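Quantities reported herein were computed from a predicted structural model and do not represent experimental measurements.
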Amino acid sequence: MEFLLIILLLCVSLLMRYNREVLLLIKILRHKPFSQNLKKDEQLTIEQQNALSAGLIIAEQHMFCWDSLESDARNSGKREQKYRLRTAWGVFSSQSATECLSSFGELHKLIDVAIDIYLKVPKEQWQSCINEQVPEDYREIIMSYCASLDQASSILIENKVAENQDELHQILLRGSIAWDLGRLVYIARASYVAGYIDKDQAWQSINSVLPTVKQYFANWKEFGQSYMVGRAVSQPDDANYGLFDIYTQCTTSEESPWLKYPLNN
């Protein structure tokens with residue numbers, strides 16, 4: 001009896017310590033791809049849906065519904081969004097949310113500089129090229145992105161984002177702007193759910209993404225490839241934690257908004 005009591009107390013202690021992780025695991029196991037918000041109070045226009053769809057990969061990653069600005073609280077509610085915004089982007093108030101949304105979107109420019117060097121300059125000349133062309137404050141990060149591209153390229157082919165080296169080359173030429181655009185949509189949605197911005201502010205940020213998406217990409221698959229390039233280059237050591245499965249679902253599943261609402265139709 002005493003032994004069972006010790007085991008019970010140990011289990012309770014572990015649950016209290018790892019409560020958030022346990023709840024998140026339960027949510028992941030219960031989550032169905034491309035879940036809908038059954039409590040939504042408005043019907044989106046095609047343009048609104050396409051704007052939201054720019055954030056589809058990260059929305060699936062964080063178990064957001066795809067068909068409304070709001071998230072179904074069973075999957076991703078206010079408390080969870082506050083935690084994610086604070087830990088990932090330093091957003092913890094209305095002011096910090098507004099500042100983040102207004103200034104967000106520069107990372108892809110650094111990645112794309114690295115891609116340009118990676119494609120055009122022999123590896124042994126990377127450092128000298130960077131020293132000549134890149135401001136000193138950015139040289140270290142550009143060099144690290146160049147170094148990440150070998151690993152990222154292998155990961156992208158291994159996970160069928162690119163079928164071969166020729167397709168990979170075309171994907172890299174399109175750059176990584178989708179990485180920033182997709183995350184901007186998520187930050188706007190999460191900030192709204194967290195109560196940091198109102199609905200009009202959220203839609204303003206989200207809708208601002210769509211013209212750029214249409215300018216750079218012919219379809220959602222190209223957009224998704226660009227997003228995965230940004231993720232694989234900027235976070236090469238953890239780019240494979242289920243994200244490629246989400247990418248595949250987004251680009252192939254009949255339930256995916258990317259197939260239901262083609263980008264340039």
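Although no hydrogens or angles enter the test, the distance criterion places a donor-acceptor pair under 3.5 Å between the side chain of R139 and the main chain of V134. Looking only at distances, a side-chain donor or acceptor of D198 sits under 3.5 Å from a matching main-chain atom of D200. Here the side chain of W179 pairs no donor or acceptor atom with the backbone of S234 at under 3.5 angstrom. In this structure, the side chain of W258 engages the main chain of S53 through a donor-acceptor pair within 3.5 Å. Of the possible polar contacts, none joining the N219 side chain to the L263 backbone as a donor-acceptor pair under 3.5 Å is found.
Annotation: Q204, atom CD; neighbour count of heavy atoms from other residues, nucleotides and ligands within 6.0 Å does not exceed 12. Atom CZ of F104 has more than 12 neighbouring heavy atoms from other residues, nucleotides or ligands inside a 6.0 Å radius. Heavy atoms of other residues, nucleotides or ligands lying less than 6.0 angstrom from CD of E124 number more than 12. Shown here is E254, whose CD atom has no more than 12 heavy atoms of other residues, nucleotides or ligands within 6.0 Å.
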Test side chain to side chain contact (heavy atoms under 4.5 Å, CB included) applied to T248 and K160, step by step: CA-CA 8 Å; T248 299; K160 305 299 182 183; 5.8 Å; no
Y118/D150 under side-chain hydrogen bond (donor to acceptor under 3.5 Å, both in side chains): CA gap, chis, key distance, verdict: CA-CA 9 Å; Y118 178 80; D150 274 334; 2.8 Å; yes
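A continuous path of Ile, Leu, Val, Met, Phe, Trp and Tyr side chains, each step under 4.5 Å between heavy atoms, connects L119 with W126, placing both in one hydrophobic cluster. F92 and V193 are members of different hydrophobic clusters when ILVMFWY side chains are connected at heavy-atom separations under 4.5 Å.
Residues S96 and S93 have side chains that bring a donor and an acceptor to within less than 3.5 angstrom of each other. Side-chain N/O atoms of Y145 and E140 include no donor and acceptor closer than 3.5 Å. Side-chain contact annotation: N131 with Q127, donor-acceptor N/O pair under 3.5 Å present.
Between W66 and F34, a ring centre-to-centre spacing not shorter than 6.0 Å is recorded.
Between F217 and F223, the two ring planes are perpendicular [angle over 60°; tilted spans 30° to 60°].
E255 and K260 are joined by a salt bridge, as a carboxylate oxygen and a charged side-chain nitrogen come within less than 4.0 angstrom of each other. K214 and E47 are joined by a salt bridge, as a carboxylate oxygen and a charged side-chain nitrogen come within less than 4.0 angstrom of each other. For the pair E70 and K199, the salt-bridge criterion is met [side-chain N within less than 4.0 Å of a carboxylate O].
What you find for S226 and A178 is that their closest heavy atoms are OG-N, 3.2 Å.
W89 does not carry R86 over the face of its six-membered ring by the limits of under 6.0 Å from the centre and within 45° of the normal.
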